[in-house]
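For the numbers below, each heavy atom of this structure counts, side chains included, while hydrogens, waters and symmetry mates do not.
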Amino acid sequence: QAENAVTSATNNTQTTGMNTVSTPISADSSGVASYALQFDGKSASEMQSIMQGAGCAFHSGAWCADFVTYVTKQIYGNDATPGDFANSCSNTAYCPTIGAWAREKGVYTTDSSQVEPGDYILYGGAGDEYHIGIVTSVNPDGTVNTIEGNTSDDNGNYTDGVVNQHSNRTGAYVLMHELA
């Protein structure tokens, strides 16, 4: 479902440095997942160029939350992110800050039956989150598929901080669709 949405959710392009990315049309949580999928396989240096070219933060060595924030801002705009996410969380783009914000908003859960594409997945315990990604689909067994920045591949190989899709993940979830 998410792969098909990539084509329908985009129709414009922007060039930032040497990178061309599609501009999203669909301003909703499924648009977040669809837009994020186009970055699969990009390196840290490519993402730094794209994200900083759009005026977003990129913290070298720890940019998973920057990636989630960048994608969310591209879909909703800086001032219209669900639950005021951009102003509440993106100044630090720090996983524990996002987790605390989600708990305060009442959209933090470990129940994957509530998750939809475009929601976020956090790894680590409440208050000790260390990594974040975007849910692209939910599997019948309750695991989710994701796209994540600053991560390794499914075999555990970490190169220079690529964006990769992952399968069969579990964690805590930020139900962004409930705020949209």
Side-chain angles (χ1 to χ4, degrees), residues 2 5-6 9-99 101-102 105 107 116-123 129-136 144-152 158-166 171 173-177 179-180:
V6 172
T10 60
N11 76 349
N12 299 317
T13 59
Q14 72 183 46
T15 302
T16 306
M18 297 182 69
N19 295 292
T20 301
V21 296
S22 298
T23 304
I25 297 172
S26 178
D28 59 21
S29 59
S30 66
V32 170
S34 298
Y35 184 68
L37 283 168
Q38 74 179 305
F39 299 106
D40 186 29
K42 296 267 188 211
S43 69
S45 60
E46 290 172 305
M47 289 309 302
Q48 181 176 14
S49 175
I50 292 167
M51 291 163 57
Q52 288 180 336
C56 291
F58 183 92
H59 296 90
S60 294
W63 55 273
C64 59
D66 293 332
F67 174 71
V68 168
T69 300
Y70 163 76
V71 170
T72 303
K73 285 181 173 183
Q74 295 308 299
I75 295 296
Y76 293 101
N78 286 336
D79 297 325
T81 56
D84 198 28
F85 175 79
N87 292 318
S88 300
C89 297
S90 68
N91 292 335
T92 58
Y94 182 56
C95 295
T97 301
I98 295 170
W101 171 84
K105 297 288 184 185
V107 294
E116 295 181 8
D119 289 340
Y120 306 152
I121 183 170
L122 283 163
Y123 303 100
E129 297 90 351
Y130 61 87
H131 187 66
I132 190 169
I134 297 169
V135 173
T136 57
V144 299
N145 302 317
T146 66
I147 187 153
E148 303 168 15
N150 193 39
T151 189
S152 58
Y158 185 87
T159 55
D160 70 342
V162 296
V163 175
N164 271 315
Q165 294 185 58
H166 293 286
Y173 306 97
V174 179
L175 305 176
M176 294 299 285
H177 74 272
L179 297 172

Looking at every heavy atom in both G133 and E148, which two are closest together, and how far apart are they? CA-CG, 3.6 Å
Is I50 close to F67 at the side-chain level, that is, under 4.5 Å between some pair of heavy atoms? no
So, does H177 use its side chain to make a donor-acceptor pair with the main chain of P117 at under 3.5 Å? no
Side chains of N145 and V135: does their closest heavy-atom pair fall under 4.5 Å? no
ring-ring contact (aromatic ring centres under 6.0 Å, His included) against H131, all qualifying residues, sequence neighbours excluded: Y123
Can you check whether L37 reaches Q165 side chain to side chain, under 4.5 Å on heavy atoms? yes
Do V163 and W63 pass the side-chain contact (heavy atoms from CB on, under 4.5 Å) test, and can you show the C-alpha distance, the side-chain angles, and the key distance before you say yes or no? CA-CA 10 Å; V163 175; W63 55 273; 3.6 Å; yes
Taking the side chain as every heavy atom from C-beta outward, state whether M51 and D66 have any atom pair closer than 4.5 Å. yes
In chain order, what residues pass the side chain to side chain donor-acceptor pair (under 3.5 Å) check against N78, with sequence neighbours excluded? none
Student check: side-chain heavy atoms of C64 and T151 closer than 4.5 Å: no
May I ask you to test the F85-I98 pair for a side-chain heavy-atom distance under 4.5 Å? yes
Of all the heavy-atom pairs spanning Y76 and T81, show the shortest one and how long it is. CB-CA, 3.8 Å
Verify side-chain contact (heavy atoms from CB on, under 4.5 Å) between L122 and C95, making sure each step is shown before the conclusion. CA-CA 7 Å; L122 283 163; C95 295; 4.2 Å; yes
Which atom of T136 lies closest to which atom of T146, heavy atoms considered: OG1-N, 3.7 Å
So how far is it from M47 CE to Q52 CD, rounded to the nearest 0.5 Å? 11.0 Å
Could I get the full list of side chain to side chain donor-acceptor pair (under 3.5 Å) partners for Y120, not counting sequence neighbours? T72
I132 CD1 to T97 OG1 distance, which is reported to the nearest 0.5 Å: 10.5 Å
